[in-house]
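Data first, discussion second: the structure below is written as structure tokens.
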Amino acid sequence: MPELPEVETTRRGIAPHVEGREIVEVIVRQPRLRLPVPNDLVERLVGARIGGLSRRAKYLLVPVQAEDAASASLLWHLGMSGSLRIARLGELPKKHDHVDLVLDDGAILRYHDPRRFGFVDWLQGDAARDPRLARLGPEPLSEAFDGERLHALSRGRRLAVKPFLMDNAVVVGVGNIYAAEALFLAGIDPRRAAGRISLARYRRLAAAVREVLAAAITQGGTTLRDFVGGTGEPGYFAQRLNVYGRDGAPCRRCGAELRLVILGQRASVFCAACQR
DNA sequence: ATAGGCTCCTGCAAGC
DNA sequence: TGCTTGCAGGAGCCTA
């Protein structure tokens, strides 16, 4: 379940192995992903050179430059079960290894995605103009994201604060797990209407979002070597979760039994004593 | 404009 | 033991 920290960990892990390399072969074993793999992806990519990787929200951007061709990028989304890893030449693909980019030094960038919620798409020209990227709110670890923004955007909104925080137009990269954890740290009830939360409390929430995401990225870094080397599993569950997946268990702070509610079709665990 | 529901997919776990 | 059922999740799309 890659959220922003896992995508960032992936970017950092694969970048040194792919940047500057030429793609010599592309193998698509399963083109039916969340979006179909573009028909002409193979012919466009073979012979192209990979530029500097970047990330926007949970999207990975892979610039590719072919000889005498306009600039273009791959827009890669890992969905909820996708992973990218570096495999060695000759390493046999496993089940759900859907796409391989074979590089000129023999390394393979290999995409694995059991649930196929992810996709890889071809973007011609300036990637930032793609509508999927153009409408996104600020990065949670950037200066543009703060309590003032949350407060301003939420005025008049009756939507519960948890789905509000998970809206990509508000702030990107805050999925179900980190939304639940940040609301716990900030002491805010996930059911509370977004428009009825004070600026002071939104400042605490913004700080909590930054805190949980930054901690998760740091943890991802600790498992980077294993991740790139072969297990293909980022150190996602290693971190200590306070509420996510713990309904019925005691609150780590006050001992009260954690409750489960459904908000925006998503399970939301919280402590009714600590979160108001 | 806003809020809520539905959908894609597979693996896993729980229930019978 | 072997079946069925439900759940997990991002984000685009749809409807009221």
Side-chain angles (χ1 to χ4, degrees), chain A residues 1-11 28-37 55-61 75-84 93-99 111-121 123 127 130-140 150 152-183 190-197 209 212-213 216 231-234 236-237 239 241 243-249 258 260-269:
Chain A
M1 286 167 250
E3 297 212 32
L4 185 146
E6 288 76 25
V7 180
E8 179 60 21
T9 299
T10 296
R11 187 191 70 77
V28 180
R29 299 183 192 84
Q30 172 56 277
R32 295 181 55 218
L33 305 179
R34 179 74 175 83
L35 297 175
V37 175
R55 177 191 58 75
R56 180 74 175 98
K58 295 173 188 168
Y59 295 98
L60 199 60
L61 278 158
L75 182 69
W76 219 315
H77 199 293
L78 304 182
M80 65 168 291
S81 61
S83 62
L84 280 165
K94 297 191 171 121
K95 193 177 182 184
H96 305 307
D97 282 344
H98 302 314
V99 179
Y111 181 58
H112 177 87
D113 188 358
R115 295 183 192 174
R116 286 158 47 197
F117 268 31
F119 64 83
V120 54
D121 202 7
L123 294 189
D130 183 274
R132 284 166 290 198
L133 299 182
R135 296 164 184 266
L136 294 173
E139 290 286 324
L150 291 177
L153 288 180
S154 62
R155 291 312 89 185
R157 301 285 299 271
R158 282 183 284 182
L159 182 68
V161 62
K162 181 160 170 283
F164 171 74
L165 190 60
M166 293 171 66
D167 181 347
N168 272 343
V170 174
V171 58
V172 302
V174 183
N176 199 33
I177 297 171
Y178 295 116
E181 294 298 313
L183 285 162
R191 300 168 297 179
R192 183 173 283 275
R196 301 193 56 191
I197 293 173
V209 167
V212 293
L213 291 177
T231 72
E233 295 297 329
Y236 175 86
F237 290 104
Q239 66 182 292
L241 299 172
V243 286
Y244 178 81
R246 297 192 65 239
D247 56 297
L258 297 179
L260 173 69
V261 290
I262 304 298
L263 296 169
Q265 292 81 242
R266 292 287 171 262
S268 308
V269 183

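What you see is a predicted model; the values in this text were computed from it and never measured. Each chain gets a letter, A, B and so on, in the order the sequences are listed, and its residues count up from 1.
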- Query: Out of B:dC9, B:dC6, B:dT2, which has the shortest distance to the side chain of A:R115?
  - Reply: B:dC9
- Message: Using a 4.0 Å heavy-atom cut-off, does A:R266 contact any base of the nucleic acid, only the sugar-phosphate backbone, or nothing at all?
- Response: base
- Query: A:R116 near the nucleic acid: base, sugar-phosphate alone, or nothing, with a heavy-atom cut-off under 4.0 Å?
  - Reply: sugar-phosphate
- Item | Heavy-atom pair with the smallest gap, counting every atom of A:R29 and A:D97 | NH1-O, 2.8 Å
- Task: For side chain to side chain contact (heavy atoms under 4.5 Å, CB included), just list the numbers for A:E139 and A:L4, CA-CA rounded to whole Å, side-chain angles, deciding distance to a tenth of an Å, and then say yes or no.
- Result: CA-CA 10 Å; A:E139 290 286 324; A:L4 185 146; 3.7 Å; yes
- Message: So A:R135, base contact, sugar-phosphate only, or nothing? Heavy-atom distance under 4.0 Å.
- Response: nothing
- Query: Taking atom C1' of B:dC9 as reference, at what distance in whole Å does atom NE2 of A:H96 sit?
  - Reply: 9 Å
- Query: OP1, OP2 of C:dA11 versus side-chain N and O of A:H77: anything below 4.0 Å?
  - Reply: yes
- Message: Can you see if the side chain of A:K95 gets near the phosphate of B:dT10 - specifically, an N or O under 4.0 Å from OP1 or OP2?
- Response: no
- Message: Need to verify one output field. Residue with the more 5' nearest nucleotide on DNA chain B, A:R34 or A:L159?
- Response: A:L159
- Among C:dA8, B:dT10, C:dG10, the one nearest any side-chain atom of A:A267 is C:dA8
- Message: Quick check: do A:V172 and A:P140 have side-chain heavy atoms less than 4.5 Å from each other?
- Response: yes
- Message: Given B:dG5, C:dG12, B:dC9, identify the nucleotide with an atom nearest to the side chain of A:Y59.
- Response: C:dG12
- Query: What nucleic acid atoms does A:N168 come within less than 4.0 Å of, heavy atoms only: base, sugar-phosphate, or nothing?
  - Reply: sugar-phosphate
- Charged N-O contact under 4.0 Å between A:R34 and A:D113: no
- Would you mind classifying the nucleic acid contact of A:F164 as base, sugar-phosphate or nothing, using non-hydrogen atoms under 4.0 angstrom? nothing
